[in-house]
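Atoms within each ligand, like the ligands themselves, are counted from 1 in listed order.
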Amino acid sequence: MAKLKALIIFGTRPEAIKMAPLINEIEKNSDSLSSIVCVTAQHRHILDQVLDLFNIKPDFDLDIMKDNQNLWSLTSDVLLKTKEVIEKVKPDIVLVHGDTTTSMAAALSAFYAKIPVAHVEAGLRTFDKYYPFPEEINRVFVDSLCSFHFAPTDKACENLLKAQIPKEHIYKTGNTVIDALLYTVKNHDQSINGLNLNPDLKTILLTSHRRENFGEPIRNICKAVVELVNKNNDIQFVYPVHPNPNVQEPVNELLANKERIHLIKPLEYAQFCSLMKKSYLILTDSGGVQEEAPSLGKPVLVLRDTTERPEAVEFGTVKLVGTNQEKIVSTVQFLLNNKKEYDKMAEASNPYGDGLASKRIVQILKSIN
Ligand code: UD1
Ligand code: UDP
């Protein structure tokens with residue numbers, strides 16, 4: 001029997017982290033599957049960090065990232081350049097991940113070529129088209145055109161059923177981010193000494209990069225950070241700042257050179273996992289971090305009003321705080337002052353996967369060959 005030829009297309013840091021375990025698993029099954037990896041390089045530096053860690057050498061690198069890129073040019077670059085790759089490779093199936101513009105435009109490209117698309121991390125929804133923007137519509141769009149939906153949780157499966165996706169196209173697999181996390185924590189645990197944090201202080205880890213938080217919301221987050229360090233001399237913040245200029249500018253303006261606020265470059269994934277493990281509390285608007293932190297037993301305050309990842313909120317490890325300065329300050333203060341409430345949130349939970357999602361997806365791919 002001929003091997004199933006899978007073309008895997010991704011372009012940003014989180015897609016790379018979540019597709020890496022799947023690429024490695026497909027390679028282990030090279031008797032029946034073959035993988036061709038195409039990176040759009042919607043991200044450049046922070047994508048390459050992940051490719052190096054997982055030892056992935058792309059077959060195609062479209063190198064599309066531009067400084068402060070916009071959604072229109074990004075979409076058209078991905079659409080046109082993946083067309084050429086799809087025509088050359090002639091895959092049996094195209095795999096995309098999640099909700100980025102790379103995923104949306106690559107899925108459309110495959111659909112135009114009448115190649116079946118499989119969506120890894122299918123079915124996530126906030127049901128609000130502007131939050132997160134443009135990710136909510138990206139994933140609705142991908143789910144509407146793809147043939148295989150690899151949904152991480154029961155809730156994601158329910159969302160797909162509600163969207164009239166046929167039951168036989170939906171597979172509950174768990175999220176491959178947990179495969180990546182468990183592998184990395186086990187095999188690449190790293191010292192964080194190089195970050196020069198004070199080991200006697202409680203470390204609060206912060207990340208923020210959402211388009212809908214650009215402008216006033218991100219400024220409010222920064223002001224809350226300043227207020228919190230001024231009120232508590234036993235805490236320090238560490239913030240690996242996303243390279244997007246819309247993040248860099250306000251963050252550097254409001255937080256640079258302040259005592260007990262460490263602005264650092266984006267960390268290589270293994271080091272970031274070690275930092276999550278050693279943090280007391282995490283403040284973030286990241287999707288991936290919301291999924292990883294509960295497995296590590298780290299309380300998360302989400303700097304957004306809605307989430308497409310409600311499972312850990314229901315369990316209690318994650319709380320939505322939005323971007324209001326007062327609300328952020330009062331919630332962090334409450335957790336710093338109430339050990340019992342903190343301990344309740346710090347209970348480890350694993351709603352997003354068991355580390356076997358890639359294996360399940362590979363079994364499904366083998367069964368369709
Ligand atoms: C993108 C995704 C978002 C995802 C996020 C993960 C879209 C529309 N957005 O947002 O869903 O949550 O990635 O991080 O798909 N840059 C660099 N070096 C890099 C990466 C980015 O300099 O390695 C800068 C560039 O100026 C680039 C800008 O960041 O133009 C924005 O990158 P872009 O991918 O458009 O948006 P993100 O905010 O990263
Ligand atoms: N991450 C990383 N280095 C950092 C910050 C985040 O490796 O400095 C990882 C994090 O563990 C998670 C992923 O990047 O797996 C999340 O990426 P991001 O927040 O950029 O995107 P999102 O998940 O919101 O789409």
Location of contacts on [X] toward ligand 1, heavy atoms closer than 4.0 Å:
X: Pro245; answer: side chain
X: Ser286; answer: neither
X: Glu135; answer: side chain

Any chance [atom1] of [X] has more than 12 other-residue heavy atoms, nucleotides or ligands included, within less than 6.0 Å?
X: Asn257; atom1: CG; result: no
X: Lys129; atom1: NZ; result: no
X: Lys359; atom1: NZ; result: no

Under 3.5 Å, is there a donor-acceptor pair between the [X] and [Y] side chains?
X: Asn220; Y: Asn324; answer: no
X: Ser274; Y: Asp189; answer: yes
X: Glu291; Y: Asn175; answer: yes
X: Ser208; Y: Asp285; answer: yes
X: Gln290; Y: Thr307; answer: yes
X: Gln42; Y: Thr12; answer: no

> Should Ile93 and Met19 be regarded as members of a common hydrophobic cluster, given that ILVMFWY residues are connected when their side-chain heavy atoms come within less than 4.5 Å of each other, either directly or indirectly?
Replying inline: yes

Short N or O distance, [X] and ligand 2, threshold 3.5 Å exclusive:
X: His242; answer: no
X: Gly287; answer: yes
X: Leu267; answer: yes

For [atom], state which one of [options] supplies the nearest heavy atom.
atom: atom 31 (C) of ligand 1; options: Thr40, Thr12, Asn244, Val247; result: Asn244
atom: atom 18 (N) of ligand 1; options: Glu15, Arg44, His45; result: His45
atom: atom 34 (O) of ligand 1; options: Met104, Gln42, Gln49; result: Gln42
atom: atom 21 (O) of ligand 2; options: Pro240, Pro14, Ala180; result: Pro14

Counting from 1, what ligand 1 atoms have a heavy atom of [X] closer than 4.0 Å?
X: Arg211; value: 8 (C), 9 (N), 10 (O), 35 (O), 36 (O), 37 (P), 38 (O)
X: Lys66; value: 25 (C), 26 (O), 27 (C), 30 (O)
X: Asn68; value: 25 (C), 26 (O), 27 (C), 30 (O)
X: His242; value: 14 (O), 37 (P), 38 (O), 39 (O)
X: Leu71; value: 8 (C)

Protein heavy atom at shortest distance from [atom]:
atom: atom 22 (O) of ligand 1; answer: Met65 CE, 3.5 Å
atom: atom 8 (C) of ligand 1; answer: Thr101 OG1, 3.1 Å
atom: atom 23 (O) of ligand 2; answer: Gly288 N, 2.7 Å
atom: atom 35 (O) of ligand 1; answer: Gln69 NE2, 2.9 Å
atom: atom 14 (O) of ligand 2; answer: Arg13 NE, 3.3 Å
atom: atom 39 (O) of ligand 1; answer: His43 NE2, 2.6 Å
atom: atom 4 (C) of ligand 1; answer: His209 NE2, 3.8 Å

Just jot down the ligand 2 atoms closer than 4.0 angstrom to any heavy atom of [X], in number order.
X: Ile17; value: 9 (C), 13 (C), 14 (O), 15 (O)
X: Arg210; value: 22 (P), 24 (O), 25 (O)
X: Pro266; value: 8 (O)
X: Ser286; value: 16 (C), 18 (P), 19 (O), 22 (P), 23 (O), 24 (O)
X: Glu292; value: 10 (C), 11 (O), 12 (C), 15 (O)

> Relative to each other, are the rings of Phe150 and Tyr171 parallel, tilted or perpendicular (30° and 60° limits)?
Replying inline: tilted

Are any of the N or O atoms of [X] closer than 3.5 Å to those of ligand 1?
X: Ile46; answer: yes
X: Thr102; answer: no
X: Thr100; answer: no

> Is it the side chain, the backbone, both or neither of Phe272 that has a heavy atom closer than 4.0 Å to ligand 2?
Replying inline: side chain

>> Assess the residue pair Glu227 and Val329 against the criterion (side-chain contact (heavy atoms from CB on, under 4.5 Å)); give the C-alpha distance rounded to whole Å, side-chain angles, the decisive distance to 0.1 Å, and a yes or no.
In response: CA-CA 7 Å; Glu227 193 178 334; Val329 171; 3.7 Å; yes

>> Ring centres under 6.0 Å, that's the criterion: do Tyr280 and Tyr342 meet it?
In response: yes

> Does Gln271 come within less than 4.0 angstrom of ligand 2, counting non-hydrogen atoms of the residue?
Replying inline: no

> Run the side-chain contact (heavy atoms from CB on, under 4.5 Å) check on Gln236 and Val238 step by step: do they pass?
Replying inline: CA-CA 7 Å; Gln236 62 191 333; Val238 56; over 6 Å; no

> Can you name the one residue among His169, Lys167, Lys162, Glu168 that meets side-chain contact (heavy atoms from CB on, under 4.5 Å) with Ile165?
Replying inline: His169

> Leu62 pairs by side-chain contact (heavy atoms from CB on, under 4.5 Å) with which of Leu80, Val39, Thr82?
Replying inline: Thr82

> Rounded to the nearest 0.5 Å, how far does OG1 of Thr306 lie from OH of Tyr131?
Replying inline: 8.0 Å

> Under 3.5 Å, side chain of His242 to main-chain N/O of Asn244, donor-acceptor pair present?
Replying inline: yes

